[in-house]
Each structure stands twice: as structure tokens, then as C-alpha cells.
Protein chains: 2
Amino acid sequence: MSVTIKDVAKQANVSVATVSRILNNLPGYSEETKQKVVKVIDELGYQPNAIARGLISKKTNTMGVLLPKVSDLFASEILAGIEDVAHEFDHSVIICKTDKDGTRTMKYLQTLREKQVDGIIIVSEYITKEYYDMLTRMNIPVVLVATQSNYDIPCIKVDDFKASYEAVTYLLDKGHIHIGMISGTRSDKMTTTPRVHGYRQALIDSGLPFTENAVAYGDFGFQSGIECMQQLLSHQKHLTAVFCASDEMAIGALSYLYKQGIKVPEQISLLGYDNTATAQKAIPPLTTIEQPLYKMGRRAFEVLIKGERKVNLIYPHRIIERDTVTNREPIALLNK
Amino acid sequence: MSVTIKDVAKQANVSVATVSRILNNLPGYSEETKQKVVKVIDELGYQPNAIARGLISKKTNTMGVLLPKVSDLFASEILAGIEDVAHEFDHSVIICKTDKDGTRTMKYLQTLREKQVDGIIIVSEYITKEYYDMLTRMNIPVVLVATQSNYDIPCIKVDDFKASYEAVTYLLDKGHIHIGMISGTRSDKMTTTPRVHGYRQALIDSGLPFTENAVAYGDFGFQSGIECMQQLLSHQKHLTAVFCASDEMAIGALSYLYKQGIKVPEQISLLGYDNTATAQKAIPPLTTIEQPLYKMGRRAFEVLIKGERKVNLIYPHRIIERDTVTNREPIALLNK
DNA sequence: GTGAAAGCGCTAACAT
DNA sequence: ATGTTAGCGCTTTCAC
């Protein structure tokens, strides 16, 4: 049997109320009794039971985090941010890996509710009506990171349209005119759509045509990067640059190109998205659009703990220039 | 105010005991009342309070996981395994990122105790006397993954000495005789020492000399891989192969070599350790020693939930052949 | 300055 | 088959 507040009280010859006061730094005891009690606590190795506390206070000091994968630099970078602030605020974080499985998500939401978490952070996941209904019924603060929703839920993200527009413009400025795109999941209206639109708009604003065939739809993962690159190459012979909607896909594309003996960036320039740790470790190091993932994770936790209910935070992206994008010589234009 | 078991009882005209029985699938009620109660539960959207339950049952259905980093393929692969079984067993997992900060670790242990977790999994962390004392005082089941301890704590790992011995033997079999090693943290007796010993023994058993200068000590990370490779090259001009104690360091070495214009594997063969996701994505794909990280994570959780207190599980490693190791032509031997 | 006692939401005897 | 009641370990009035 574990030692409880009662044991401490008995041993110190005071009431549990007094011990509780001392534990919580409330007024109402002499310095003398405090010394006595603290001594007993130490001797007995007493530690308060957070469960009992939580039952009364209706606060558990724990937040739940829903994410698609944990073994993925994208989500885990956000998670790192969340965890750090949580620690600063003396909170714990429960992780729920949804594996893009809707059933699992609902189950997790329920568990989180039962465990009375103080808030929920949802990372890069689409909010269905089912989720939203559940969320409102639960009446627990929620915040979205790296995604957003048509429903009224606070979110923290980058301006995908703008980032994508600038990414393509960057390629355009380098002289590229045949630019392909490896995009995310086709059905993902929250993330994929704005990025494809940004790509298209940048092309159009430069007087260049938008071709359906120049965009391949993957799933943000490495393998799909390989497949999309292959697909793109089979349709689009003139491609000199490809904008990828995730670093993982860019790395996949890089691998495919390497295997085909196509030089990056000499023959094809590659531009990633996210700036996860993998980007700088690639060979050659990947030029990419940075999303401040760690900071976004931190901020998400803060939204929850500060009780902000109506925020829609746009975080700044920026281009990290490394070695996978090069100038397209003017000569190429003429050759065409 | 949230709806409680009392509300359900009142609404359904039964006692809380009956509701509780139905909730927990205990015998003692008619099918009729069950229907009635279930209906009310549904109408009211009632969900049991796990905190209250935990207070009585002394079980929280949550496990704590201590790991050095979350944004690291090594730990997160183990975490993925843990999380999956946890979900299967209807448990939650609280993550505690220690950041190689001893203070933080002690704090986390305390929090986990207060939150009454049912068990603790410690991933690749050295157990100090301070931790061990805390752990015994807490009286919570613990299991170690990818590390071990002189203290009596269950653990799950690979045989580092043997894996390392075989890794080097593999290189030897390929004809290499000047083999360097990029090792982990020098002070890490649990992981680094056996690997270095395995390396040395393999050399000695082949009648080759062991040179202190042929092993560089990093910290398992990418950057240290770069530095160690550079260091090795400055001392050891004849090196034709390097065994790295982690994939991350191998990737770092690969990057450095690439930047120096040294071809892998034509000029230098590289062998990694872990087989994290990064290995197959490298250019060229990295040959490495696999540790079944995901499975080890799964098993760790099972040890806890099955209450196994005295296990010392050695998981099988194996060589994953990819493209960074090549034969050293016999001619090289002659040249020497 | 300190203690007694009522509950937080639930489970588990013990009654009936 | 169902209800009553005593806690689980703690916080928090309300007395004194």
C-alpha cells in the first residue's frame, strides 16, 4: 500500500487538511507545523496522488495529441515542441497515433474524454463531421496544427497557397519554365488543394500554361515521391524543375532520379516543403520551404493552456536554399 | 457540468450500482433494465470518468515512456511499436522527452508516479543510481528498451557485441582490412563499449591489429558522423571501410564523404547500425545492421502488461545489404 | 492556526 | 435482480 495524505497527517499529529494546505502552499499553518509536516513527508517518501487531485479539481494537467504517425519527422518535430512547453508548464502529454484510421481516431477521442484531459491537439488531420460532433460534445478545448477546418476550431498553420506560390515563383525566377509538381493526397482539401492552387496561380501569373499532367498526386510519403517522379517523367519530357509538397516526397524523387542517373540539380531541380531534419541530410542537401514545425507545436500547447478559443494563427514560411535548385540557363529557353 | 453515473441512474430509475454493473459487464440485472439504461446512457451522452475509476481500481491504463528525443527515427520507431500495442490493450501512453537532461528525468519519474501510471518504459537511457533508487521507491513495473543496466531491471535489446562482431566480420569477408569505426558516446558503457569490443574482437580474431586511432567517438547523431569521418580520414589514410554505430552517424559520414568527392562504396564502404527508415532513403541506400526496433517496442509494452518481472530479452539483429558496402579487390591486399 | 466533515465519480461489498 | 453504503485520496468549506 502506498503512503497517503492520511499517513502523513497521523504521523505528524495534524489533520489531513493541514497537510493539504502545506502541500498546496495555502495559508493557515505555523512555520513550526510546516517544518514538522515537511519532515514527515520526506521520511515517508510521500507523493500526492494526481488521480485523486484530478477528481476534485477537474484538471488533470495532461493534454492529448492526435497525430497520424510518430515515426515521421514532420509530426515528431511538432510533437517535440508540444512536449517541451508541456514540461515547462508541468503538464503531461498523451500521444495517440491515428494511422489515418478513422475508427482509431474516434476511439482515441473517447479515451481522451474519459481520461479527462485538459485539451487536445490535433496534428495534420482532416476533421470530419463525425470528429467535429464528437469534439463539441466532449467540450474540451481543441487546437489544430498544420491543418485547418471549415468548422470553427482554432488552428496554427502556414499559408499553404502563398508558400506554394512563392516556391514556384522562386523556381520561375531561376529561369525554369517547365515545372512539375508532386503534390499530396488528392482528397486532402485542407493541405493539397491550396498548394496546387498556389502552383497553378504562379504559373498563370507568369503567363505560363497550367497542365494537369504536370502534377502528380502522392501521399506525402517517400515511396509516393518515387512513384510520382516516375510518373511525371513519363508524361513530361521537358521538366527541368519539380516542386514537391513534402520533403519526404522530394527525397523519394531524389532517390528515383539518382537511380535513373539523372543529376540533381544539373538536369532537374528539386524543391521540397517542410524543412524537416531530413532535408539537410539529403545528398545533395535539399532546398525547401520551411514550416516552423517546432514553434507551431509550442504555440499549439500555449493556445490550449491560455484558453484561447478563437485563434487562427498563420506562421511564416521561408525558403531554405541548399543544393537541389539551380539556374536554368537562358539558352534552354532559346532551344525550346 | 458533465453527466455522471448518478444522472444516468436517476434518469433510468435505477441505482448507480446497477448502472455500474452494466457498464462493467458484471452480472446482476435483467436484459430489460439493461436496455433501459443503455438507452439513457446514449441519450445523455454519458461517458465514464476514468479518473474516478482509477482512484478505486488503482489502475490508470496508462504507461509512461521515457525517451531522449522524439524527433529521432530510432526512438520514434520503438515508440510506434509501444503505441500500437497500447492501443490494442486499451491503454494510453504518456511521453517524456528527457533530452539527456538528468534533472528532467527525475522530474518525469516523479510525475509518472503521481499520475499513477501502470508501468514505465525507458528507451535507450543509462540508469544512474539516482534513477534506480527512485524507481524502486516508486514500486512501478519498469522495462528498458535498447539499453540495459547493471541493476536488476527487465530489458529488451540486441546483442551489441555480437552484432558489432558480425558487422565487422562482414566487412572483413568483403576483403577489407583497414576498417575504421565511428562509435557512439564514449562514456556510454551499455551501448558503446560492447560495440567497440565487438569491433576489436573481430579484428583480432582475423589476425588484424586494433588501433585506437581507428575508432572515433561521436554521439549517435548526424553531425557527429560528419566530424568523426573527418577525424578518421585525417589519421587513417588507408581506410577502405567504416562501421558506424548508428545510421544517423553513417548518413553524416556519407554526407561528408560526398562533399569531399570520395565515392561510396567505390572508395570507402560504409556500414550502419539500426536500420531506421533513413537507411533505405539514403543515396546510395545504406547497408546496415537491423535492430527490430518496432517489435522491441511492442514487446516492451507486453512485458509490462503481462507483469513479467525478470526478463532479459535478446532480439535478433541482421545485416540488411544495400549499396554502401562493396568488395575490396584482392589487388588492394597486394598493393599493401 | 487547525480540524471535522462533505464530497469529486466511481466500484464493491453487503443487504434485500 | 437491484439498492444502500462505504470508501479510493484528496480539496475545501465551515467551525472553533
Measure the distance from CG on B:Leu55 to P on D:dG7 and round it to the nearest whole Å. 14 Å

Base, sugar-phosphate, or nothing for B:Thr18, non-hydrogen atoms under 4.0 angstrom? sugar-phosphate

When all nucleic acid strands are considered with a 4.0 Å heavy-atom cut-off, which category describes B:Pro27: base, sugar-phosphate, or nothing? nothing

Which is true for B:Thr33 with a 4.0 Å heavy-atom rule: it touches a base, it touches only sugar-phosphate, or it touches nothing? sugar-phosphate

Nucleotide D:dT5, atom C1' - distance to NZ of B:Lys6 in whole Å: 12 Å

What contact category does A:Asp7 fall into here, base, sugar-phosphate, or nothing, at under 4.0 angstrom with non-hydrogen atoms? nothing

Picking from D:dT11, D:dG3, C:dC8, the nucleotide nearest the side-chain atoms of A:Asn24 would be D:dT11

Per atom distances to the A:Leu26 side chain, the nearest of D:dT12, D:dG9, C:dC10 is D:dT12

When you check the gap from the basic side-chain N to the acidic O, do A:Glu77 and A:Lys295 get nearer than 4.0 Å? no

So OH of A:Tyr108 and CG of A:Leu67: to nearest 0.5 Å the spacing works out to 9.5 Å

Between C:dC10, D:dG9, C:dG1, which nucleotide gets closest to the side-chain atoms of B:Ile5? C:dC10

Between atom NZ in A:Lys58 and atom P in D:dC10, what is the gap in whole Å? 17 Å

Is a side-chain donor-acceptor pair under 3.5 Å present for A:Asp101 with A:Thr103? yes

Checking C:dG3, D:dC10, C:dT11 against the side chain of A:Val14 (C-beta onward), the nearest is C:dG3

Name the orientation class of the two ring planes belonging to B:His91 and B:Phe301 (parallel below 30°, tilted from 30 to 60°, perpendicular beyond 60°). perpendicular

Do the charged groups of B:Lys69 and B:Asp99 touch, with an N to O distance under 4.0 Å? no

Do the side-chain N or O atoms of B:Arg53 get closer than 4.0 angstrom to the phosphate oxygens (OP1, OP2) of C:dT11? yes

B:Asn25 CG to C:dT11 P, straight-line distance once rounded to whole Å: 12 Å

Phosphate oxygens OP1/OP2 of D:dT11: is one of them under 4.0 Å from a side-chain N or O of A:Ser20? yes

In whole Å, what is the span from the CG atom of A:Asn13 to the P atom of C:dG1? 19 Å

Given atom CD1 of B:Ile22 and atom P of C:dC10, what is their separation to the nearest angstrom? 14 Å

5'-most contact on DNA chain D: B:Arg21 or B:Ala52, nearest heavy atom basis? B:Arg21

Picking from D:dT5, D:dC10, D:dA1, which would you name as closest to the side chain of B:Val16? D:dT5

Can you tell me the distance, in whole Å, between the CD atom of B:Gln116 and the P atom of D:dG9? 9 Å

Charged N to carboxylate O under 4.0 angstrom, A:Glu83 versus B:Arg104? yes

Give the rounded distance in Å between these two atoms: CD1 of B:Ile56 and C1' of C:dC10. 4 Å

B:Thr4 side chain near C:dG9 phosphate (N/O to OP1/OP2, under 4.0 Å): no

